[in-house]
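We number each residue from 1, following the sequence as shown.
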Amino acid sequence: MRVIIVDDDTLVAISLQTILEADEEVEVVATGNSGAVAIELYKEHKPDVVLMDIRMAGMTGLEAGEQILALDNQAKILYLTTFMDDEYIVKALAIGAKGYILKQDFEGIVPSLKAVYGGQSVFGQDIVEKLPNLMNQKRGFDYQSYDISEKEYEIIEEVAAGYSNKEIAGRLFLSEGTVRNYISTILEKLALRDRTQLACFYYKNK
């Protein structure tokens with residue numbers, strides 16, 4: 001697994017590199033200290049995973065992540081930060097990041113990287129505990145104005161609850177193919193990239 005590390009604290013970046021490279025499955029191909037550098041490093045190295053801080057001088061990690069994902073929507077970005085701001089968590093989800101974990105949980109960094117590399121989305125325990133509050137924030141949204149039907153809204157709720165296509169199919173008595181088609185249509189109508197963005201959109205506008 002090829003990884004780039006981006007953190008504006010050089011000592012933190014070095015420490016992270018040491019932690020990561022203690023695992024023989026991880027290769028740190030480059031380190032950077034700003035969002036702008038992260039974009040250039042991604043273009044140059046095309047890493048499997050970007051491990052990036054959020055608060056950095058100039059361009060933030062969130063801004064950099066958004067630009068990287070605009071260049072390559074298959075990019076896998078794992079945010080590693082000391083901050084649990086609701087705004088940061090929601091934004092990270094919205095742009096399509098694959099994970100958001102805290103630096104304090106250093107023992108979970110490598111397992112989280114491997115999970116993201118394997119296609120999973122990862123959130124530290126402290127982040128998971130905040131999600132219910134984010135989910136319960138009431139912000140009205142007129143789905144009908146986006147031509148979202150009642151059945152499509154039901155699908156959105158199931159996706160936001162974390163169910164897979166197979167599970168949704170079973171719960172709503174549909175075929176998996178039909179569920180996939182529904183989700184593709186919903187993403188197109190709402191101009192969203194993937195299931196993660198859809199879940200975040202639902203939580204923000206519930």
Side-chain angles (χ1 to χ4, degrees), residues 1-8 12-13 16-17 19-21 23 25-81 83 87-103 108-124 127 156 159-160 162 164-165 180-204:
M1 172 175 44
R2 301 170 66 254
V3 178
I4 64 173
I5 298 170
V6 183
D7 195 297
D8 61 355
V12 170
L16 288 172
Q17 183 170 2
I19 292 171
L20 268 55
E21 292 189 331
D23 189 301
E25 296 180 21
V26 181
E27 176 190 2
V28 177
V29 295
T31 61
N33 60 4
S34 72
V37 170
I39 296 169
E40 296 307 312
L41 289 177
Y42 188 85
K43 291 178 183 177
E44 179 181 353
H45 297 282
K46 292 293 192 298
D48 296 311
V49 184
V50 179
L51 182 65
M52 183 157 51
D53 193 10
I54 289 182
R55 285 192 184 178
M56 294 185 286
M59 180 182 292
T60 69
L62 292 169
E63 292 168 334
E66 191 165 20
Q67 291 198 32
I68 289 170
L69 284 160
L71 292 168
D72 178 6
N73 63 11
Q74 299 301 309
K76 294 176 179 176
I77 299 174
L78 174 60
Y79 284 111
L80 181 65
T81 179
F83 303 100
E87 181 182 352
Y88 290 166
I89 297 169
V90 170
K91 179 66 173 177
L93 285 166
I95 67 174
K98 296 301 182 185
Y100 189 118
I101 59 176
L102 298 179
K103 289 179 179 177
I109 296 173
V110 172
S112 295
L113 274 172
K114 291 182 177 181
V116 167
Y117 178 57
Q120 299 179 45
S121 293
V122 177
F123 301 93
I127 307 302
I156 292 172
V159 170
S164 66
N165 287 356
R180 281 195 297 272
N181 290 339
Y182 265 121
I183 293 174
S184 294
T185 300
I186 291 166
L187 293 175
E188 183 176 352
K189 287 180 178 180
L190 297 177
L192 300 173
R193 182 182 295 112
D194 54 30
R195 297 168 69 97
T196 303
Q197 283 196 342
L198 179 58
C200 180
F201 185 89
Y202 171 81
Y203 294 151
K204 286 180 65 179

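Atoms CG and CG, on Leu80 and Leu51 in that order, are 5.0 Å from each other to the nearest 0.5 Å. Note: Phe201 CZ to Ile156 CD1 = 7.5 Å, rounded to the nearest 0.5 Å. Here the NZ atom belonging to Lys189 is positioned 12.0 Å from the OG atom belonging to Ser184, to the nearest 0.5 angstrom. Atom CZ of Arg2 is separated from atom NE2 of His45 by 7.5 Å, given to the nearest 0.5 angstrom. Separation of atoms CD1 (Ile95) and CZ (Arg193) is listed at 8.0 Å; rounding is to 0.5 Å. To the nearest 0.5 angstrom, Glu188 atom CD is 10.5 Å from Leu190 atom CG.
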**Message:** Set out, in order, the CA-CA distance, both residues' side-chain angles and the distance that settles side chain to side chain contact (heavy atoms under 4.5 Å, CB included) for Tyr100 and Ile54, then state yes or no.
**Reply:** CA-CA 10 Å; Tyr100 189 118; Ile54 289 182; 3.5 Å; yes
**Prompt:** Taking it one step at a time, do Arg195 and Asn165 satisfy side chain to side chain contact (heavy atoms under 4.5 Å, CB included)?
**Reply:** CA-CA 11 Å; Arg195 297 168 69 97; Asn165 287 356; 2.4 Å; yes
**Prompt:** Taking it one step at a time, do Met59 and Ile39 satisfy side chain to side chain contact (heavy atoms under 4.5 Å, CB included)?
**Reply:** CA-CA 10 Å; Met59 180 182 292; Ile39 296 169; 3.6 Å; yes
**Asked** Stepwise, does the side chain to side chain contact (heavy atoms under 4.5 Å, CB included) test hold for Val3 with Tyr117?
**Response** CA-CA 10 Å; Val3 178; Tyr117 178 57; over 6 Å; no
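Between Val6 and Val37 there is no side-chain heavy-atom pair separated by less than 4.5 Å. Residues Met1 and Asp23 have side chains not in contact (no heavy-atom distance under 4.5 Å, counting atoms from C-beta outward). With contacts defined as side-chain heavy-atom distances shorter than 4.5 Å, the pair Asp53/Lys103 qualifies.
Closest heavy-atom contact between Asp194 and Gly96: OD2-CA, 4.5 Å. Across Gly35 and Ala64, no two heavy atoms sit closer than the pair O-CB, 3.4 Å. Closest non-hydrogen pair, Ala199 versus Ala160, comes out as CB-CA, 3.9 Å. When all heavy atoms of Gly65 and Tyr79 are compared, the closest pair comes out as CA-OH, 3.5 Å. Here the closest non-hydrogen pair linking Met52 and Gly61 is CE-O, 3.4 Å. The shortest non-hydrogen separation linking Ile4 to Leu41 is CD1-CB, 3.9 Å.
In Tyr88, the OH atom is crowded: over 12 heavy atoms of neighbouring residues, nucleotides or ligands sit closer than 6.0 Å.
Residue pairs that meet the side chain to side chain donor-acceptor pair (under 3.5 Å) test with at least one member in residues 66-78, sequence neighbours left out, are Tyr42-Asp72, Glu66-Lys91.
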